Number of protein chains: 2
Amino acid sequence: MRTGGRGAKGAVMVDVARRVGVSQKTVSRVINGAPHVRPELRARVLAVAAEMGYRPNVAARALVTQRTHVIGVVAMGTSLFGPASRVFSLEHAARERGYELALTSLPDMSLKHMRTAIHGLLGRGCEGIVLEVPNKVVDIDDALLGGVPVATSVGPIPHVSRQTVITSDQTEAGRLATQHLLDLGHETVWHIGGPEHWHAARERRQGWAAALEAAKRPQPEVLHGDWSAKSGYLLGLQLAKRRDVTAVFTANDHQAMGLMRALTEANRSIPRDVSIVGFDDVPEAEFQIVPLTTVRTDDAAISHRVLSALVALIEGGEPGSEVVEMSRELIVRSSTGEPAHRTRAGSMSPNTAARAPRESIHH
Amino acid sequence: MRTGGRGAKGAVMVDVARRVGVSQKTVSRVINGAPHVRPELRARVLAVAAEMGYRPNVAARALVTQRTHVIGVVAMGTSLFGPASRVFSLEHAARERGYELALTSLPDMSLKHMRTAIHGLLGRGCEGIVLEVPNKVVDIDDALLGGVPVATSVGPIPHVSRQTVITSDQTEAGRLATQHLLDLGHETVWHIGGPEHWHAARERRQGWAAALEAAKRPQPEVLHGDWSAKSGYLLGLQLAKRRDVTAVFTANDHQAMGLMRALTEANRSIPRDVSIVGFDDVPEAEFQIVPLTTVRTDDAAISHRVLSALVALIEGGEPGSEVVEMSRELIVRSSTGEPAHRTRAGSMSPNTAARAPRESIHH
DNA sequence: TTGTGAGGAGCGAAGACCACT
DNA sequence: TAGTGGTCTTCGCTCCTCACA
């Protein structure tokens, strides 16, 4: 067997070695850029390898080096904008560092699925795991992990020792959004939050609460959505009934869209009757019928940090936690304005929503 | 060495075998569910394996079986709704069949990146490739692929012999959208298409053209966006200037959103002055300030078909092409209505856009 | 003969160690 | 003594062959 060609299966190192007339080890050295090979020989080996279409066998290499360079990702709600774009950021970050991702997306957050997912990832030989699921639903421990490290930005995972938690201070971003509304003159700000088991939802809510507290304003009861536009709409119908609601901060843009719909349906105009601030700055936020004021954060940077931290753990670093100052920027568009009673004289137009935006749109 | 425990690295088959007092081969049989093992012995082996936290080494297995069960995916524009959700559908489909995905997302569509991506995937030992990029920018050939099969729903890839193309008739969906507008009484329908190198964009446009042709209506010049809300907005500004535009079919929902914004900015109301049909039925389409009429297709089903086709090729099937009847459904909401001149008597309200929707929203 | 099990040979590459210049 | 390059072994597992009830 193995008479050189071996059909469609592709050449292996020995084949290249024989063809060049050197040992397999020498080819190995060339392929891995190891020293102690004359430049001319190196070039010849490379040439022959390319000519034969040689491609190193990852399995063989992984077997002997005990390294797979695979990083597992457990994600959820991947049809959502946030989670989806984070996965792709992770993918890029991993590639840059010579790792690849093994993705598992969970249909729901049952604990059983979680464990199965982790188990599967471990079975694939991944050397570290990134969790992109609500940390409250993660039920794993050191025994299950078998020493594989974890990194995440969703908050600390209980019962896992080798982990690094990246905390991206979203509180400040939530505070920023709320403060903007207070600055405009609103007496207080309502909040449509995300699911409480999501770390990001809790932080944004905390930021909102902090801003109100600092300004000594009453804190209305929080309404909790599920990130979807529909939940924003349903909760928005409730808010629309209350005449004392003049400003709302929603935990993400899609909920804000639903809210805008609900308010419109109740004949409350935006921003004359109610001002709205979203979160995420999804690409279409700027192009809503009422362009949405929102907070833009640098999610990709966080993903990169998470991946760096994980790689550090894999390569022998110490577990720990880092608080990362997440860049955030308030993008003011047309969905926010002063409360009606303060500008009553100037804006009696029946159709504020359809007016030209305050901010020109950039191309 | 290898004195049973071997520290944190986990047990291997021999360890389990020794512990049970059988040969390593017997453990192998048990793990792989092979016959010729007494039930009691099987149970004991399983118990000990679990107790020791034994996990098969995928690299070793792959090395000897020459199978990796990895499927490569080359995706693009993954922050877009369509591509992102397709990737996750593929992931589920793959898992069901015992395969896993290796994802590569391209930052842009340079040919160089394409080749690098394929090369990387092949280097990882993937047994098949799914292309989720515009087929026009794919520059690969049998030599590069080295016999690895390809499956895709983006149209045939030149110079690749082992491929199966799943054609999901989106033409019909485009026709449906256009016909709806014609049925409402619009003289003709304008079209904001997607990038022409995307197969889906071409098909949707063709459907639009076919509907107009069948009805013997004039075909306005097509405007081409890039799937983004911003492009819909910019092109929409042009359409807004023309008083003869009463109906527009956009190739996706996000472009439709931009268009709605542009029309609103130009003080044209939706649907009184202009009716709009989108495509995709993204979750937030229903909750826009003017709920969007759109076409919903079963993308996930197509992804499953693509994956099935690829697995068939991997496991020895014949290349070919399948035309799949893609299920589609027109979701009529508030962004479409009869043209103004036909209902002039009844709807002189200055603010049609903000009125309650025609369709009640389901919970 | 039919289960049931053990023993040995690789899979493809990398590392330790040795042997030439 | 450096620099070069070759030999032999090993990684963990599956398949093939063969020995025993």
Side-chain angles (χ1 to χ4, degrees), chain A residues 1-7 9-46 48-49 52-69 122-125 127 146, chain B residues 1-7 9-45 49 52-69 122-125 127 146:
Chain A
M1 340 271 110
R2 172 160 301 300
T3 49
R6 203 172 47 125
K9 261 314 164 198
V12 300
M13 251 184 202
V14 215
D15 300 329
V16 178
R18 271 208 268 273
R19 183 85 152 256
V20 180
V22 294
S23 78
Q24 175 253 349
K25 181 65 217 182
T26 299
V27 177
S28 169
R29 286 204 179 92
V30 172
I31 298 297
N32 294 290
H36 305 308
V37 179
R38 257 175 301 124
E40 318 89 76
L41 217 201
R42 182 179 298 274
R44 272 221 38 228
V45 170
L46 248 20
V48 171
M52 297 178 77
Y54 168 73
R55 228 184 303 271
N57 181 316
V58 277
R61 192 193 301 239
L63 180 57
V64 66
T65 59
Q66 303 281 32
R67 297 289 318 266
T68 60
H69 289 270
L122 259 23
R124 289 187 52 175
E127 308 183 309
Chain B
M1 7 247 92
R2 174 162 298 301
T3 49
R6 202 168 53 121
K9 262 316 165 196
V12 299
M13 249 186 205
V14 209
D15 300 329
V16 177
R18 270 207 269 274
R19 183 85 153 256
V20 179
V22 295
S23 80
Q24 182 244 35
K25 175 64 220 183
T26 300
V27 178
S28 169
R29 284 206 181 91
V30 172
I31 298 296
N32 294 291
H36 305 308
V37 179
R38 257 175 301 126
E40 318 90 78
L41 217 201
R42 181 180 297 274
R44 270 212 50 221
V45 169
M52 297 179 75
Y54 169 75
R55 228 186 301 274
N57 181 316
V58 276
R61 191 194 302 240
L63 180 58
V64 64
T65 59
Q66 302 282 29
R67 296 289 319 265
T68 60
H69 288 270
L122 259 21
R124 290 186 50 175
E127 308 183 310

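What you see is a predicted model, and the numbers here were worked out from it, not measured in a lab. Note on naming: letters A, B, ... go to the chains in the order of the sequence lines (proteins, then strands), and numbering restarts at 1 for each one.
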Quiz item: the helix from C:dT2-D:dA21 to C:dT21-D:dA2: angle between its terminal axes, five pairs each, to 10°?
Solution: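 End-to-end axis angle: 40°.
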
Heavy-atom closest contact ([X] atom, [Y] atom, distance):
X        : Y       : answer
B:Ala59  : A:Leu63 : CB-N, 3.8 Å
A:Arg29  : A:Arg42 : O-NH1, 4.2 Å
B:Ile31  : B:Tyr54 : CD1-CE2, 3.9 Å
B:Val45  : B:Val16 : O-CG1, 4.2 Å
B:Met52  : B:Ala11 : CE-CB, 3.9 Å
A:Glu127 : A:Thr68 : OE2-N, 3.0 Å

Can you check the [X] [atom1] to [N] [atom2] distance for me, whole Å?
X       : N      : atom1 : atom2 : answer
A:Arg42 : D:dT4  : CZ    : C1'   : 11 Å
A:Met13 : D:dG6  : CE    : P     : 13 Å
B:Asn57 : C:dC11 : CG    : P     : 18 Å
A:Arg67 : C:dA14 : CZ    : P     : 14 Å
A:Ile31 : C:dA14 : CD1   : P     : 8 Å
A:Leu63 : C:dG12 : CG    : P     : 12 Å
A:Gln66 : D:dT9  : CD    : P     : 20 Å

Self-check item: Per-nucleotide protein contact string for nucleotides 2-9 of chain C (B base, S sugar-phosphate only, - none; heavy atom under 4.0 Å)
Solution: --BBBB--

Exercise. Decide yes or no for B:Arg18 and B:Val14: does some side-chain heavy atom of the first lie under 4.5 Å from some side-chain heavy atom of the second?
Key: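 They are in side-chain contact.
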
Quiz item: Between A:Ser28 and C:dA14, does any side-chain N or O lie under 4.0 Å from OP1 or OP2?
Solution: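 Indeed, a polar side-chain atom of A:Ser28 lies that close.
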
Practice problem: Would you tell me if any nitrogen or oxygen in the side chain of B:Asn32 comes within less than 4.0 Å of OP1 or OP2 on D:dT14? | Solution: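 Result: yes.
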
Exercise. Drop me the distance from B:Met13's CE to B:Lys25's NZ, to the nearest 0.5 angstrom.
Key: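 It comes to 8.0 Å.
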
Practice problem: Could you give me the CA-CA distance, side-chain angles and deciding distance for B:Val20 and B:Leu41, then say whether side-chain contact (heavy atoms from CB on, under 4.5 Å) is met? | Solution: CA-CA 9 Å; B:Val20 179; B:Leu41 217 201; 4.1 Å; yes

